[in-house]
Structure formats: C-alpha cells, structure tokens
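Structure record follows, encoded as structure tokens.
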Amino acid sequence: MAAALSIESVKSQAKGLAYRNQAFIGGKFVDAASGKTFDCTSPIDGKVLTQVAAGDKEDVDRAVKAARAAFEDGRWSRQAPAKRKQVLLRWADLLEKHAAELALLETLDMGKPIGDSARIDIPAVVNCIRWNAEAVDKIYDEVAPTGDDAVAMLVREPMGVIAAVVPWNFPLLMAAWKMGPALATGNSMIIKPAEQSPLTMIRAAELAAEAGIPDGVLNVVPGFGETAGQALGRHMDVDCIAFTGSGEVGKLFMKYSGESNMKRVTLECGGKTPNIIMADAPDLDAAATAAAWGIFFNQGEVCNAGSRLLVEDKVKDQVVEKVMQVAKTLRVGDPLDPATQMGAMVDDTQMNRVLSYIEKGQSEGAKMKMGGKRILGETGGYYIEPTVFDGVKNDMTIAQEEIFGPVLSTITFGDADEAIKIGNDTIYGLAAAVWTSDIKKAHRAAKSLRAGSVWVNCFDAGDMTTPFGGYKQSGFGRDKSLHAMEKYTELKTIWIDLS
Ligand code: NAP
Ligand code: MG
C-alpha cells in the first residue's frame with residue numbers, strides 16, 4: 001500500500017487528519033477530571049499535534065469502575081467465546097479499513113517511517129486481534145484423571161480488570177499484544193499509552209466501540225507514568241498489570257503491587273540482544289545485512305534490537321565492512337516520505353540519551369567507525385545517524401546498558417564457548433541470534449543462550465504463533481501465541497463429589 005504513495009499524498013493526508021485526544025471511559029470520550037492536558041508533539045519537526053487529556057488518579061478510578069461494572073454484569077465476560085470472536089473480528093476489520101489513518105497517526109506521533117507503520121505495525125495489530133479472536137472459541141478446558149467417585153474440572157476464567165501500560169516504540173502493537181488475548185478471554189481493560197504516543201490507541205478504542213465491544217470493556221486513560229501509570233499500578237481493584245517498558249519502571253510495578261492488592265504483574269522489559277556471527281555462517285553477507293537491519297530498524301528503538309554484534313575474530317573486518325555498507329545505503333529522514341527507512345527518535349530526551357551513550361562509548365575507548373551525530377536539526381526533528389562501534393569490550397557501558405537507538409557495538413570472540421559466555425554476560429535475556437552452518441554448534445548455542453527467543457541463521461523472526469518475552473531482567477510472562485492467554489486467566493479447580 002505504502003509503495004504506491006508519494007510524499008506529497010502522505011503529507012496532504014496528514015493535513016486533513018483529525019485527532020482524537022480525550023480519555024475513553026465507559027464508552028465515551030471525556031476530558032480529564034482535572035481538565036488538564038499535555039502537548040502531544042511530533043518528533044518529525046518538534047511541533048505540537050494536539051493537546052491530549054492528562055489522566056490522573058481520578059480518571060483511573062472512573063475507568064476502573066467502568067471496567068469492573070462491565071466485568072461483573074457479564075456483558076462481555078460471560079458472552080460465549082464465539083460471540084466475543086465475532087465482535088473482535090469486526091474490530092479487526094475496522095482497524096484494517098482505517099489502516100492508512102492509523103499508520104499516519106503512528107508515524108506523526110512517534111516518528112517511525114510511514115512505510116513501516118503501514119506495512120508492519122498496523123497489519124500486525126490487525127493480525128493480532130484476528131488471531132486471538134479466531135483462537136478463543138477453539139480452546140477447551142481440562143478434566144482431571146480422578147477415580148469414578150469424582151469429576152474434577154480445570155477451567156480457565158478471565159481475571160477481571162486488566163490494566164496495560166505500554167511504551168512508545170510500537171505504540172498500538174504493544175497494546176494489541178495485550179488486548180488480543182485479554183479481551184478474547186473476557187476481561188475488561190484499561191490501557192495507558194505512553195505519553196509520547198497516545199493517538200492510535202485513542203482512535204482504536206473508538207473503532208472498538210463501533211465494532212460492538214460493550215461500553216466499559218475497553219477504556220483508555222492517556223497521561224503520564226508517575227500519575228496515571230502509578231495510579232493503575234496501585235489501584236486496589238485492578239487485578240492484573242500487563243506492562244511493556246523499561247526495567248526500571250517494571251520494577252516499580254512489582255513494588256506498587258506489593259504495596260497494594262498483590263495484583264498480578266507481567267513485565268516485558270528491555271534487552272541487549274547478542275547477535276552472534278560465527279566464521280562458518282552459511283552466508284556472511286546475509287548475516288551482516290541482517291545485523292544492520294537488526295539494529296537500525298525502527299531507529300534502534302526495539303527491545304530485541306541486535307545491539308551487540310558478536311563476531312568471530314577472523315571474519316570481523318569483513319562483517320563490519322558489510323554492516324557499514326548496508327548502513328550507508330539507509331535513507332534516514334522525513335518519516336512521512338515512503339522511501340524513508342529510518343525516521344526520527346521519539347523525542348528530544350531520547351535523542352539526547354542516545355547521543356550521551358555515543359559519547360560514553362568513545363570516552364570508554366570503543367572505536368566509532370561511522371555515524372554518531374544528530375542530523376537534520378534544521379527540521380526541528382530528532383534524527384541520529386546510524387552509528388557503528390568496533391573494538392567494544394563487553395563490560396563497557398554501551399555493551400551493558402540498553403541504548404534504544406541506532407547504535408551498534410561490535411565485540412569479537414575466538415570460539416563458540418566464548419561467544420556464548422559473552423552473550424549471556426548481561427542482566428537481560430530477551431533474545432539472541434546465532435549464525436553458523438554447524439548444526440551441533442547451532443543447537444548447543446540455542447540451548448545455552450539464556451533468552452526468551454533464539455534465532456538461528458535469521459534475526460527477529462517469529463509470528464503470532466510464537467511466544468515473545470524475556471528471561472532474567474527482560475521480564476516474565478509471554479506475549480503472542482496461546483500462552484499469552486495464561487497471563488489473563490486464572491486456573492480454577494472444580495471438584496464434584498459423585499460418591
Ligand atoms: P518506560 O519509560 O518504562 O515507559 C513505559 C510505560 O510506563 C509508559 O506508558 C510510561 O508512561 C509508564 N511509566 C513511566 N514511569 C512510570 C511510573 N513511575 N509508574 C508507572 N508507569 C510509569 O519505557 P519507554 O521509554 O516508554 O519504552 C522503552 C522501553 O520499553 C525499553 O526499555 C524497551 O526495551 C521496552 N520495550 C520492551 C518490549 C518487550 O516486549 N520486551 C517491547 C517494547 C519496548 P510515560 O510515557 O508517561 O513515561
Ligand atoms: Mg508524540
């Protein structure tokens with residue numbers, strides 16, 4: 001779809017766009033109780049797009065009440081799964097019908113290339129809702145192997161009121177990964193989008209109502225983390241928090257839970273993915289090309305970005321050369337241009353954070369081989385060049401901390417054992433990749449790498465059928481696949497005496 005677009009047509013569509021900017025509570029758009037709003041800016045040029053309702057405690061409370069009432073009276077929670085499926089499929093159809101608008105909102109709001117929003121993000125959102133809808137009326141509960149004098153049923157029930165607090169890097173998709181399974185299984189929800197990128201979620205909620213999701217089942221409270229996010233985390237009537245974001249905030253949600261009602265918490269946090277290229281990779285050029293995309297896709301604002309490139313020493317120069325060759329061809333610039341491959345960093349704070357990591361890399365002695373600077377500053381937007389470091393040691397800051405920007409750290413190793421050791425020497429465990437033609441080496445690495453996903457001879461592969469989530473401080477709980485439904489359901493035993 002985007003391939004047929006010109007920058008002029010995208011810009012004229014953008015001009016005609018209307019922004020939904022209120023909270024969505026109990027099936028209605030409402031202002032924040034305080035009347036407060038915040039500036040929703042575009043990282044493309046730093047300009048304000050609209051003022052969005054700044055939700056806080058009182059708004060969270062209203063949303064939780066609406067969600068609880070909907071859950072209790074069964075307007076959604078007690079519908080047959082086949083009925084929920086029909087409604088969710090209608091929602092997916094509406095999201096698809098409005099895909100161009102949603103893609104544009106996502107790009108304007110957070111700066112990713114329109115080609116990516118249109119071809120990756122929004123289709124993935126539609127697919128996620130559809131997949132969960134299609135799945136939910138095909139799942140059976142269990143009967144335990146008791147003797148003849150009893151029947152014991154093990155049933156999955158919706159948890160109740162689920163709050164999802166999500167980040168800005170894939171705004172609507174990260175929400176969809178939670179809404180798909182949580183809504184399909186009959187829960188009520190409150191979504192708190194990131195303050196940098198609330199627009200698609202607000203619009204998607206309006207489409208949910210149009211599709212027939214009953215009032216109160218899906219609520220959106222935009223606002224800041226310390227206010228709206230914390231209020232959800234501490235609310236006594238929220239049953240579960242599904243969080244995607246930084247480890248630092250993830251830990252806060254565990255604390256909020258412990259200090260309130262012991263609500264279930266699942267965390268999808270950061271990563272420092274080792275992308276391990278052995279000298280016997282089936283195709284070194286293909287591996288290097290994937291390594292470049294693995295770090296520069298979405299401006300490097302990807303939790304599983306291949307930020308640590310681990311290369312066997314004898315092929316290191318060849319691989320780094322190829323990575324840089326690919327990086328040099330990347331078109332960085334206006335996200336509204338369908339030809340753009342790398343857009344703007346989400347805001348000036350994030351841009352400056354990334355630039356300070358680049359400085360730190362140099363001061364700790366890594367060799368910057370390309371990039372490293374802010375560019376296109378005259379646009380008012382927040383753009384950073386693709387940046388490649390060589391000569392990185394794994395204990396350097398740029399190899400240990402999540403940068404969340406287009407910055408690659410190259411580290412060399414001598415053999416597979418050393419690669420695995422370096423790969424695992426991190427607090428994170430979201431993903432890892434290994435490139436080799438040797439099936440034994442591949443299998444051993446895949447088993448030894450402590451990460452939720454390990455890719456062999458590919459990078460960032462997977463679809464709705466495969467779970468996604470972390471080991472260690474990358475969090476716990478899984479999005480996608482049928483396993484995601486475990487996060488939003490309780491397991492009940494019903495023992496019936498027949499004696
Ligand atoms: P973040 O700062 O942790 O924010 C995530 C969400 O938490 C936002 O909605 C934020 O609201 C809210 N929040 C912030 N402070 C809070 C507080 N004190 N109490 C309650 N809520 C609070 O993360 P981000 O910068 O938006 O996103 C980048 C991070 O997300 C990276 O670490 C990345 O690795 C991670 N991520 C992980 C996955 C995964 O699946 N594992 C996927 C995507 C991203 P505000 O926006 O108002 O601050
Ligand atoms: Mg924004």
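Remember, it's 1-based here, ligands and their atoms both numbered in the order they're listed. Along the sequence shown, the residues carry numbers beginning at 1.
Of the charged side-chain nitrogens involved, at least one lies within less than 4.0 Å of a carboxylate oxygen, so that K112 and D121 count as a salt-bridged pair. Taking the charged nitrogens against the carboxylate oxygens, K272 and E401 have no contact shorter than 4.0 Å, which rules out a salt bridge.
Backbone and side-chain nitrogen or oxygen atoms of L252 are examined, and none is located within less than 3.5 angstrom of a nitrogen or oxygen of ligand 1. Residue V166 has at least one N or O atom closer than 3.5 Å to an N or O atom of ligand 1. At a 3.5 angstrom cut-off on N or O pairs, D479 does not count as close to ligand 1. Distances between N or O atoms of T244 and those of ligand 1 include no value under 3.5 Å. Residue K192 has at least one nitrogen or oxygen atom sitting less than 3.5 Å from a nitrogen or oxygen atom of ligand 1, judged on distance alone. On a distance-only criterion, N169 and ligand 1 share no N/O pair closer than 3.5 Å. For Y256, a nitrogen or oxygen atom sits less than 3.5 Å from a nitrogen or oxygen atom of ligand 1, counting backbone and side chain alike.
Among all non-hydrogen protein atoms, the one lying nearest atom 27 (O) of ligand 1 is P167 CB, 3.3 Å. Of the protein's non-hydrogen atoms, the one nearest atom 24 (P) of ligand 1 is W168 NE1, 3.3 Å. Scanning the protein heavy atoms around atom 34 (O) of ligand 1, the nearest turns out to be E402 OE2, 2.5 Å. Scanning all protein heavy atoms for the shortest distance to atom 13 (N) of ligand 1 gives G225 CA, 3.3 Å.
In the vicinity of S246, heavy-atom distances shorter than 4.0 Å reach the ligand 1 atoms 1 (P), 2 (O), 3 (O), 23 (O), 29 (C), 30 (O), 32 (O).
Annotation: angle subtended at the Mg ion (ligand 2) by T41 O and Q196 O is 170°, to 10°.
At a 4.0 Å cut-off, at least one heavy atom of C269 sits close enough to ligand 1 to count as contact. Under a 4.0 Å heavy-atom criterion, G223 is in contact with ligand 1.
Nearest heavy-atom pair across S474 and L430 is OG-N, 3.1 Å.
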